[in-house]
Structure formats: structure tokens, C-alpha cells
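Only heavy atoms go into these numbers, but all of them, side chains included; no hydrogens, no water, no symmetry mates. Reminder, nothing fancy here: chain letters follow the sequence lines and each chain counts from 1.
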2 protein chains.
Amino acid sequence: MAMTRRTATETRELIRATALRLFAERGYDATTMRLVAQEAGVAVGNAYHHVASKDVLVQELYLEVNRTHVAVARERLQPGDLGERLRTTWHAALDVFAPFHRFGAESIGAAVRPGSPASPFSPASAPSAELARGLLADVVDGATPRVPADLRDDLVAALWLAHLGVTAAWVHDPTPDARRTRELVDAAAPLVSRLVRLARLPVAHGVAGDVLALVGRWAPHPSGGAA
Amino acid sequence: MAMTRRTATETRELIRATALRLFAERGYDATTMRLVAQEAGVAVGNAYHHVASKDVLVQELYLEVNRTHVAVARERLQPGDLGERLRTTWHAALDVFAPFHRFGAESIGAAVRPGSPASPFSPASAPSAELARGLLADVVDGATPRVPADLRDDLVAALWLAHLGVTAAWVHDPTPDARRTRELVDAAAPLVSRLVRLARLPVAHGVAGDVLALVGRWAPHPSGGAA
DNA sequence: ACGTTCAGTTGAACATGTTCAACACGACAT
DNA sequence: ATGTCGTGTTGAACATGTTCAACTGAACGT
């Protein structure tokens, strides 16, 4: 009697929300597509009609986590030393990632396969990557000591790679509360600051520029910067 | 009448060889465990009795490829500049990897999942990693300019990470003959040389040591070095 | 001879990501 | 009313990695 049909967007959102909830509750492996469909009250085939693959749902989760990270980091960031700002940013990431550690360990595998939409370099994860790069650009721009203008873009690209590195370390980190990774961040962040300072000296500026240019050619640049 | 049974090692080797052949012929996805079993003339269950999982077979392939790489690189290496030696080493890697590009793109996904034995950091791939680190240690030790002794171990660890980076770039590189990755290598190798030279200056030695120490704490060291 | 043992072997069965041909039903023209 | 159309939906079917209980046969003690 009542209309049983839904609009495509509604169903898709229903599936997405269900999947994200289940991911958080039970991890990647235990979140079966059949379970997602059942919990969402749709047929398996229907889920696949609206969502291309399980990878896409992972992707949606990454995006949501990234959004939260950016929000939390922006709230905590204070003007000042670049190293300190990086430290804040990365600790914020670890705080936001925390509930998904089990998930990360289980699913990151799918996230690095080149064809897959979950690879950080793939076009499908461009939104997530762009979010992170935008945040890092702000971190750099609002920091003292001032970063040499000619290095700025490439530095942001390099920091994004470093961010991926921190994430990778976190995934492999079995210590409680990611203590090891936090130590890494605490040691690495001030080092970045020192390296930037070093890059202003004439002896080092050339090499620094070349290193960053190389990295920049291989990692995507932030497109917009801050709003 | 004749004995149909085989020793465990024989069967295992048969399965291993068949799998490696099929991997090279048809890539990762097309090499089904059922196909491996069939081509090896055993039952599926038997294959699993001798080989824990498909990942393990991938691992065996990695090991074989690594062995070849080390051999080829050792043959080509000439005494001289560190950058040039790195260039030789990495180009050798790309040459050896070449036939498996399709394979790499298909299977690397499984190679980065932390639990999986295929992760470069996992104990299961320690032999492969050790092989590569040993080679890089030789590259460093036989190079001029002489690398400061206190940096040597950590530098090798860092170069191993760089080697993983080169591999990752190669996996994602769609250009013919991995041209893009070769450009990366051609640019990165001399930079390493310059950085090492820079690290001898008093202004930079401190930071360089700290950076390498940080990397060294996070990447495994070579255990033995050259024979 | 006969039973026991045990390494090696078998194939069916299971779980899961994914595909597909068919179905349901509201809207809309006639 | 009736037929047509298209979006949303269904569940069975498929491929594949993996598991498991049962089987085989050679070796060996008695």
C-alpha cells in the first residue's frame, strides 16, 4: 500500500551509513557485504547496484575519518613553530584514527593495490588526499619560521608523503595508544622544523630545493590551499 | 605398482615451481590455487597441506626476484661514486622486475597488509629484506666519497626504505620500460650522494645524524653486511 | 599374515566478493 | 483501463581462497 520504493540516493546513503557503522563496530573482515545488505534491509544485488564494490565503502570511511581529522586538527592548531604544528596535526590524526586501528590493519591491504580506488594515489581517493594536503598547506602557511616561498608547494607535497608514512607506521604499530608512532611523530616533527631552518643556509638551500622538487614531481601538489 | 607417493619436500617444491611459472605466465589473479594444483597434478587440499596460503607463494616469488636482483646488481657494480652505484643498483632492480610489472600491480595489494606474510616488514619477508639490505650495505661500503662511519648503518636502513619507495613508484608506473621510475632513480641517486657530502659539514652533520637515527629506529638494520 | 601408524592425498564443502537475468511497481501516454 | 517504460529490487549463481573429515598406502612391529 505505502510506497516501498526509495530514491537511488536514499538507498545509497542507507547502505553507506550501514556499512560505515558496521565497519566501526566489527572491523573490515567481519563486515560482510551480505551483512551490510541484511542490516540495511536490502538484497545483496541491490547493494551492488548502488555501490560498485566493497572498496568504495572503505573509501567512504577514509573520507569521513579524514574529514574528522581535519576538523580536529584545525581546532587544536596554534600559531607558532612549524614542528609544533606538525606535532599537533599528527597527534590529532592518531587520536582520530584510534578507533579504527583494527580496521586499518585489516583493510590497508586493499588500500595500496594500484588499480583499487582505495590507493592514496588513485583518482578515487583524491578527495581524501586533497583534504589532507589542504590541512598540511595551512599548517605550513601559518607557521614560523616562515618557509621559503619557492619551497612551499613541494614541502607540502613532501609532508603529505610523510603523513602517509605516519599512517603506515600507525597501521603496523601494535603498542597501546600507538605509543611508538607518537614517539616517531614527536621526534620527526621538530626535525622537519630544523631541516627547514637549515634549508635557508646557502650551502643547503640548493640540495633542499632539489630534494623537494624531486619529491614534488612525484607526489601531487595541493590544488587550492586554504579557503 | 610404482610408488605414487612423494616426499613432502618434493611435492612442496613441485607446487612452488608450478606456481612461480604460472605467476610469470599469467599474472597473480589468473593464477588460481585450483589451477596451480591442477597443473602440478595434485588436489587443491594437498596444495594447502604443503603451502599455507597463496600469499606464501607470492613471497617465494619475491624472494626469487630479489635473489636475481642482487646477483645482477653485484655483477654490474663498479667502484666509485655512491650516487652512481645506487643508480646501477636501482636500474638493475627495474630490469629484473620488468617481466613482473603486471604481476606487481596485481599482487602488491596483498603485500602491504600488516598481518600478511607478504608485507616487507613482516618476519616472513625477512629473507627478502635481508637480501636487499645486504646489497645496499655493499653499495655503501664500496663507495666514494666515504660515508661517515657513525651514519653507515642508519644510511643503509634509509636506503632500504628508499628502495621500497622506488619499488612502489615502479608498481604505479604505467610508462613503457618504467621510464618515469628510471627518471626518478636518475635524479634521486646523485641527490643521495650530495646529501652524504653535505652531511660531513658541521652545520648539517647534526641534523643528518638525527634524521638517519630516526629512520634507523624505524627501519630494520642490515644484520651482517657483506660476506 | 595382520593390525597400527602416520605422512601424504583427496574432493567436497564453506565463506565471501561479485555478477546477472528476471521481477515489481509507480508514472505516464493512449 | 491498458500497455509501455524505466528505476529500483531480488535472489540465485559464479569464482576463488581456504578448511576439513575421510581415505590411501607404505613401513613396521608382532
Side-chain angles (χ1 to χ4, degrees), chain A residues 1-20 22-23 26-61 103 106-111 113 115-118 124, chain B residues 1-16 18-19 22-23 26-61 103 106-111 113 115-118 124:
Chain A
M1 35 187 266
M3 53 170 175
T4 54
R5 310 286 288 295
R6 275 173 294 235
T7 165
T9 347
E10 280 170 347
T11 310
R12 212 210 111 98
E13 177 51 28
L14 174 62
I15 294 167
R16 192 192 88 103
T18 308
L20 263 54
L22 289 175
F23 277 150
R26 325 166 62 126
Y28 178 80
D29 285 344
T31 300
T32 299
M33 287 303 281
R34 281 170 181 76
L35 181 62
V36 170
Q38 179 187 322
E39 289 274 303
V42 302
V44 195
N46 199 11
Y48 274 93
H49 182 73
H50 294 287
V51 174
S53 70
K54 195 178 177 180
D55 275 357
V56 170
L57 290 172
V58 182
Q59 196 61 33
E60 307 256 10
L61 179 62
F103 176 89
E106 274 172 359
S107 77
I108 281 295
R113 112 185 315 140
S116 148
Chain B
M1 35 184 261
M3 52 169 176
T4 54
R5 310 285 288 295
R6 273 173 296 237
T7 165
T9 346
E10 281 170 345
T11 310
R12 212 210 110 98
E13 178 50 29
L14 174 62
I15 293 167
R16 191 193 90 102
T18 308
L22 289 174
F23 278 150
R26 325 165 64 126
Y28 178 80
D29 285 344
T31 299
T32 299
M33 287 302 280
R34 281 170 181 76
L35 180 62
V36 171
Q38 179 187 323
E39 290 274 303
V42 301
V44 195
N46 200 11
Y48 274 94
H49 183 72
H50 294 286
V51 174
S53 71
K54 195 178 177 182
D55 275 357
V56 169
L57 290 172
V58 182
Q59 195 61 32
E60 307 256 10
L61 179 62
F103 176 88
E106 273 172 0
S107 76
I108 282 295
R113 112 186 315 141
S116 148

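Comparing the local axis fitted to the first five base pairs of the helix from dA1(C)-dT30(D) to dT30(C)-dA1(D) with the one fitted to its last five gives a bend of 30°, rounded to 10°.
Here the straight-line distance linking atom OG1 of Thr31(A) with atom NZ of Lys54(A) works out to 6.5 Å at 0.5 Å rounding. Taking CZ from Arg6(A) and NE2 from His50(A), the interatomic distance works out to 8.0 Å, rounded to the nearest 0.5 Å. Residue Ile15(A) holds its CD1 atom at 8.0 Å from CG of Leu57(A), rounded to the nearest 0.5 Å. Between Thr9(B) atom OG1 and Glu13(B) atom CD the span is 9.5 Å, to the nearest 0.5 Å.
Proximity note for Thr32(B) (side chain, C-beta onward) versus dG17(D), dT16(C), dG8(D): the nearest is dG17(D).
Between Arg6(A) and dT9(D), a side-chain N or O to OP1/OP2 separation shorter than 4.0 Å is present.
Of the two residues contacting DNA chain C, namely Thr11(B) and Arg34(B), the nearest-nucleotide position lying further toward the 5' end is that of Thr11(B).
In this structure, CG of Asp29(B) is placed 12 Å from C1' of dG17(D), rounded to the nearest angstrom. A straight line from CG of Leu22(A) to C1' of dT16(C) spans 15 Å, rounded to a whole angstrom. Going from atom CG of Leu57(A) over to atom P of dT16(C) covers 16 Å, rounded to whole Å. dT16(D) atom P lies 19 Å from atom CE of Met33(A), rounded to whole Å. Between Tyr28(A) atom OH and dT16(C) atom P there is a gap of 12 Å when expressed in whole angstrom units. We find that NZ of Lys54(A) is positioned 17 Å from C1' of dT19(C), with the value rounded to whole Å. Atoms CD (Gln38(A)) and C1' (dT9(D)) sit 17 Å apart, rounded to a whole Å.
Ala30(A) and Leu35(A) get closest at one heavy-atom pair: O-CD2, 3.7 Å. Across every non-hydrogen atom of Leu14(B) and Ala40(B), the tightest pair is CD2-O, 3.3 Å.
For Glu10(A), the side chain to side chain donor-acceptor pair (under 3.5 Å) test picks out no residue, with sequence neighbours left out.
Looking only at side-chain heavy atoms (C-beta outward), His49(A) and Val42(A) stay at 4.5 Å or farther from each other.
For the contact set between residues 39-51 of chain B and DNA chain C, defined by any heavy atom under 4.0 Å, the members are Val42(B), Ala43(B), Gly45(B), Asn46(B), His49(B), His50(B).
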